[in-house]
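Input: a single structure, listed below in structure tokens.
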Amino acid sequence: MRIATFNVNGIGARLPALLQWLNETKPDVVCLQELKAPQEKFPEAAINDAGYQAIWHGQKSWNGVAILARGQKPIETGRGLPGDADDIQSRYIEAIVDGILIGGLYLPNGNPAPGPKFDYKLKWFDRLHTHAAKLLDSGAPVILAGDFNVMPTELDVYKPERWVDDALFRPEVRAAYHKLLAQGWTDALRTMHPGEKIYTFWDYFRNAYGRDAGLRIDHLLLSPALAPALTAAEVDRDVRGRKKPSDHAPTWVELDLKKIS
DNA sequence: ATGCCAATCGTTGATTGA
């Protein structure tokens with residue numbers, strides 16, 4: 001079973017690239033972020049025609065998350081991260097597919113730091129800690145997949161010294177990510193590629209992709225019940241080099257569910 | 001310190017992203 005995460009940076013602008021990638025790699029589940037489209041503008045028919053059913057939580061202009069499953073409808077278990085009834089940003093959606101609980105998330109960027117956006121990011125991280133702990137307590141196989149907007153370590157950024165004051169790399173944010181991992185989650189990509197420079201994002205500026213000036217900010221975290229099934233984790237890097245690309249590349253894990261059954 | 005690019009909304013620029 002292959003589960004992927006892909007920040008598409010606009011589902012409208014990215015639909016051809018998304019459909020091409022789905023057709024080529026046929027992941028079983030895909031978490032999408034940054035739909036940048038209201039609920040009614042999600043291209044459901046095109047997704048269905050590609051062999052997928054979807055649930056999504058849109059928002060005008062910004063944010064927006066979705067979960068796609070190949071040949072079946074994800075069974076939704078929640079949308080919106082618990083812990084703040086006043087938070088109306090579409091950044092979390094959760095579903096069950098083939099007995100796996102999937103949390104698709106788009107963690108706030110947080111720039112500029114310090115400031116209210118950075119405070120919102122840290123509060124969102126606190127809420128994620130609480131909800132993630134609850135998911136772990138269930139003992140179920142769980143995956144948290146999405147754009148975390150955090151480079152966990154210096155290995156995950158092409159030039160660490162340039163990013164130390166950025167909201168994606170500040171010590172508080174890295175500490176929050178490591179506090180989350182310490183609950184028992186497995187960072188799948190790093191586990192399968194220890195010590196390796198491996199990025200998931202390259203910005204549009206300064207020929208960042210051509211220079212491999214990238215960041216690792218898209219993550220797939222496995223609960224202890226699911227981690228033994230992990231057999232591969234990769235980045236579909238070439239997708240970033242195509243025409244009209246997202247600034248993120250699809251990132252995925254391969255799970256052998258026989259190993260945990 | 002800023003711009004560099006790209007998307008959306010909506011209109012020819014402002015805002016956001018990372």
Side-chain angles (χ1 to χ4, degrees), chain A residues 5-19 21 31-43 46 56-66 87-92 104-122 124-125 128 145-174 176-177 189 197-219 235 237 239-251:
Chain A
T5 179
F6 187 15
N7 179 323
V8 290
N9 187 16
I11 187 72
R14 211 66 60 217
L15 188 58
L18 173 64
L19 294 175
W21 170 73
C31 297
L32 300 178
Q33 303 87 39
E34 277 208 88
L35 302 178
K36 291 180 155 183
Q39 189 70 8
E40 63 274 15
K41 287 275 181 67
F42 185 84
W56 66 96
H57 193 194
Q59 183 183 330
K60 188 180 172 185
S61 301
W62 299 306
N63 310 316
V65 286
D87 184 3
I88 48 111
Q89 299 191 26
S90 298
R91 296 182 174 276
Y92 186 78
L105 64 96
Y106 175 44
L107 211 137
N109 174 307
N111 275 308
K117 290 185 175 179
F118 191 62
D119 295 340
Y120 174 64
K121 179 176 195 167
L122 294 179
W124 208 95
F125 234 134
L128 182 59
D147 177 358
F148 283 69
N149 271 317
V150 184
M151 296 86 88
T153 71
E154 295 202 338
L155 182 60
D156 301 313
V157 48
Y158 66 98
K159 194 173 269 196
E161 65 275 17
R162 287 279 174 88
W163 288 82
V164 287
D165 290 326
D166 190 278
L168 280 71
F169 198 52
R170 284 178 63 112
E172 307 95 302
V173 174
R174 276 184 272 169
Y177 183 83
L189 195 62
K197 185 180 78 172
I198 181 164
Y199 300 140
T200 67
F201 167 93
W202 298 261
D203 84 28
Y204 293 120
F205 307 160
R206 299 170 291 249
N207 188 33
Y209 183 66
R211 296 184 296 117
D212 198 25
L215 310 172
R216 189 173 76 93
I217 55 177
D218 300 277
H219 307 302
V235 179
R237 196 182 195 286
V239 173
R240 177 62 182 83
R242 296 177 180 174
K243 281 207 159 50
K244 269 183 82 75
S246 170
D247 38 9
H248 296 250
T251 305

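Please read all numbers here as calculations on a predicted model, not as lab measurements. Note on naming: letters A, B, ... go to the chains in the order of the sequence lines (proteins, then strands), and numbering restarts at 1 for each one.
To the nearest whole angstrom, the two P atoms, one in B:dA14 and one in B:dG10, are 15 Å apart. For the C1' atoms, the distance linking B:dT11 with B:dT2 amounts to 26 Å, nearest Å. For the C1' atom pair drawn from B:dC4 and B:dT16, the interatomic distance equals 15 Å after rounding to whole Å. Look at the P atom in both B:dG3 and B:dC9: the space between them is 25 Å, to the nearest Å.
Taking atom CG of A:Leu107 as the reference point, atom P of B:dT16 lies 18 Å away to the nearest angstrom. Atom-to-atom, CG of A:Asp165 to P of B:dT2 comes out at 14 Å; the value is rounded to the nearest Å. The CZ atom of A:Phe201 sits 12 Å away from the P atom of B:dG17 (whole-angstrom rounding). What separates CG of A:Asp166 from C1' of B:dG17 is a distance of 11 Å, to the nearest Å. Put simply, CZ on A:Phe118 is 18 Å from P on B:dT16, counting in whole angstrom units. Look at OH on A:Tyr120: it is 10 Å from P on B:dG17, rounded to the nearest Å.
Cation-pi contact between A:Arg170 and A:Phe118: present, with separation from the ring centre below 6.0 Å and deviation from the ring axis of at most 45°. Note that A:Arg216 lies outside the cation-pi zone of A:Phe201, set by a 6.0 Å cut-off to the ring centre and a 45° limit from the axis.
A:Asp218 comes within 4.0 angstrom of no nucleic acid atom, judged by non-hydrogen atoms across all strands. Nucleic acid contact for A:Asn63: none, since no nucleic acid atom lies under 4.0 Å from a heavy atom of the residue. Nucleic acid contact class of A:Asn111 (heavy atoms, under 4.0 Å, all strands): base. Residue-level contact check: A:Lys117 touches the backbone only, with heavy atoms under 4.0 Å from sugar-phosphate atoms and none from bases. Looking at heavy-atom distances under 4.0 Å, A:Phe169 makes no contact with the nucleic acid at all.
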Close N or O pairs between protein and nucleotides 3-12 of chain B (under 3.5 Å):
{"residue": "B:dG3", "atom": "N1", "partner": "A:Arg206", "partner atom": "NH1", "Å": "2.9"}
{"residue": "B:dG3", "atom": "N2", "partner": "A:Arg206", "partner atom": "NH1", "Å": "3.4"}
{"residue": "B:dC4", "atom": "O2", "partner": "A:Arg206", "partner atom": "NH1", "Å": "2.8"}
{"residue": "B:dC5", "atom": "O4'", "partner": "A:Tyr204", "partner atom": "O", "Å": "3.4"}
{"residue": "B:dA7", "atom": "OP1", "partner": "A:Arg14", "partner atom": "NH1", "Å": "3.1"}
{"residue": "B:dA7", "atom": "OP1", "partner": "A:Arg14", "partner atom": "NH2", "Å": "3.4"}
{"residue": "B:dA7", "atom": "OP1", "partner": "A:Lys244", "partner atom": "NZ", "Å": "3.4"}

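Summarising the local packing, CZ of A:Arg162 is surrounded by 12 or fewer heavy atoms from other residues, nucleotides or ligands at distances under 6.0 Å.
Taking the six-membered ring where tryptophan is involved, the planes of A:Tyr158 and A:Trp163 are perpendicular, since the angle between them exceeds 60° and thus also 30°.
When atom types are taken as modelled, the side chain of A:Trp202 and the backbone of A:His248 share no donor-acceptor pair closer than 3.5 angstrom. Counting only distance, with no hydrogens or angles, the side chain of A:Arg91 and the backbone of A:Tyr106 share a donor-acceptor pair below 3.5 Å.
Between A:His57 and A:Tyr92, the ring centre distance reaches or exceeds 6.0 Å.
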